[in-house]
Amino acid sequence: MSYKSDIEIAREAKKRPIQEIGAKLGIEDEHLLPYGHDKAKVSQDFIDGVQKNKNGKLILVTAINPTPAGEGKTTTTVGLGDGLNRIGKKAAICIREASLGPCFGMKGGAAGGGYAQVVPMEEMNLHFTGDFHAITSAHNLLSAMIDNHIYWGNELEIDERRITWRRVMDMNDRALRDMVVGLGGVPNGFARQTGFDITVASEVMAILCLARNLADLEKRLGDIIVAYTRDRKPIYCRDIGAEGAMTVLLKDAMQPNLVQTLENNPAFVHGGPFANIAHGCNSVIATTTALKLADYVVTEAGFGADLGAEKFMNIKCRKAGLAPDVVVLVATVRAMKMNGGVAKADLDQENVAAVAEGCPNLGRHISNLKAFGVPVVVAINHFVTDTDAEIQAVRDAARAEGAEAIVCKHWAEGSAGTVELAERVAQLADAGAAQFAPLYRDDMGLFEKIKTIATRIYRADDVLADKKIRDQLRQWEDAGFGHLPICMAKTQYSFSTDPNLRGAPTGHSVPIREVRLSAGAGFVVVICGEIMTMPGLPRKPAALEIGLNDMGYVEGLF
């Protein structure tokens, strides 16, 4: 049986004018700033005016560790949002924007799939409303102003060896990870070693996604530490004088983007930090605005629950005063089989034993999530090759951890395929059983916070950090940054730092390669194993298949 592709389905969408979508949430036309007919930004004035509204229920969608078989977290997020609307609830969706890096690199576009998509898909996966370009420009403006300050006399006495602010671009490019700038003699400044990160790893991205308004944004930008003097005194962005101009560049990007699902339900798409190298959540301003406008808000956190959900709980909720009412953990029979040792080419064959062998990965995620005090429901994202026996094996594994597993067919059926999940999620959210608490206290030491995540979430035996890293953490504590949460940068494919170690490994250690202080965003980044903050393109990047056809349509992006 043949199925339409995601892009074919998206192009057949019967989109409504964005003003109609806004009206579903009570957003008047004058508070929508349209980008064409099907997307718009929501004005800050409107957002300020709804702050006294009662909050709706917050539902987090996360997943098991990703595999090449695919899990469908965004598709499930969209399907659940549509399902809640289908059963008569007033619901909105909050997801992240797509980065050009993975679009042209490994995975192609990302806006859901099948009949559970957010549209306009092509624009969302390309330049959208220009938010990422604004973030890249603001970040690199600061970079340019740092080097310019040094060129014109270095009044702040910046130690050129201790400039911590790198440049960014929204594309995978391994050649830019480590480089020397300023070559060519006196007119080009002073030569020094630096490098590029991908835009989604930028502290400016994190700041935009955590700031509550423009004033908060500008303060956080000013708090960025960009360098140190020879006597280790920190140099802030405000010392360079860049925060005002950066805020100007980010003024429009700060406003959340409103689009729609295939079923014409409202979706906020705003911000896009990766979860493996950043904090992996959409913007606080989008989520909190949606909570003031809808009775139920479905949001997602990137990659597996060991990364995105952990950071959602320990960073985003802590910083924004949020508390999820329900967590939906997405899994597939196919992914369980891969965790059980089945090759991708053999996933279509029934193998109940392999499903059972792979389910410890699911079980550990359930256990970890329940430790935050929030009810957990497993959504089995259905594939046509799944058999009843395989599905039952996943149900049994979930039940053993005290969670219910519900089959979802939103990819093929849209909201009709998530009615059971929507009803159960609404029931749990309305019951008010959640007793959310972060994993660690603010007053714990930085290294103790790292160890808590490594031992309680990754189930590692130990954290390996040399004296230089431990000393750096203690110095930050002495400087008043010990209260900050931790943002682990780690492979998304495993609980460990070895991407090939699937399932639920034990007996492993977490090696720390580097730590970075993101004082403006308000967390400490801990870089583990071989993870890179500037990814590279694969041997055969998705870009090889992307182009325009004879009708002028984009091909190969999805």
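A quick note: this is a predicted structure, and the numbers were derived from the prediction, not measured. What's counted below: heavy atoms across the whole structure, side chains too, no hydrogens, waters or symmetry copies.
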Rounded to the nearest 0.5 Å, the CD1 atom of Ile18 sits from the CG atom of Leu33 at a distance of 11.5 Å
**Prompt:** Crowded around Gln435 CD? As in, over 12 foreign heavy atoms under 6.0 Å?
**Reply:** no
Output for pair (Lys409 NZ, Ser415 OG), nearest 0.5 Å, gives 14.5 Å
Exercise for the section: Start with the C-alpha distance between Arg318 and Asp442, add both sets of side-chain angles, then the distance that settles salt bridge (Lys or Arg N to Asp or Glu O under 4.0 Å), and finish with yes or no. Expected result: CA-CA 9 Å; Arg318 187 191 305 264; Asp442 288 344; 2.6 Å; yes
Would a distance-only check, ignoring hydrogens and angles, find a side-chain to backbone donor-acceptor pair under 3.5 Å from Gln260 to Ile21? no
| task | Starting from the C-alpha separation in whole Å, work towards a yes-or-no answer on salt bridge (Lys or Arg N to Asp or Glu O under 4.0 Å) for Asp38 and Arg16. | result | CA-CA 7 Å; Asp38 51 13; Arg16 303 303 306 161; over 6 Å; no
Here the gap from Leu176 atom CG to Ile198 atom CD1, rounded to the nearest 0.5 Å, amounts to 11.0 Å
### Chi angles and distances behind the salt bridge (Lys or Arg N to Asp or Glu O under 4.0 Å) call for Lys41, Asp131
CA-CA 11 Å; Lys41 285 188 169 291; Asp131 293 346; 2.9 Å; yes
Side chain to side chain contact (heavy atoms under 4.5 Å, CB included) with Tyr296: of Leu84, Leu291, Val326, only one passes, and it is Leu84
The reported gap from CZ in Arg238 to CG in Leu221 (rounded to nearest 0.5 angstrom) is 10.5 Å
- Task: Would you check, one step at a time, whether the test side chain to side chain donor-acceptor pair (under 3.5 Å) holds for Asn381 with Thr75?
- Result: CA-CA 9 Å; Asn381 184 18; Thr75 306; 5.6 Å; no
Practice prompt. Begin with the C-alpha distance, continue with both residues' side-chain angles, and end with the deciding distance and a verdict on salt bridge (Lys or Arg N to Asp or Glu O under 4.0 Å) for Glu514 and Arg516.
Written response: CA-CA 7 Å; Glu514 181 186 351; Arg516 299 178 183 178; 2.9 Å; yes
Task: Residues His31 and Ser43: side-chain donor-acceptor under 3.5 angstrom - done: yes
Distance col, row Arg86:CZ vs Glu423:CD, nearest 0.5 angstrom, shows 10.5 Å
Q) In terms of side-chain heavy atoms, does Thr136 have a donor or acceptor partner in Asp170 at a distance below 3.5 Å? A) no
Closest non-hydrogen contact found for Leu307 with Met488 is CD2-O, 4.1 Å
Open item on the list: Is it the case that over 12 heavy atoms from other parts of the model lie below 6.0 angstrom from the NZ atom of Lys90?
Closed with: yes
Could you tell me whether the side chains of Lys15 and Asn264 share a donor-acceptor contact shorter than 3.5 Å?
no
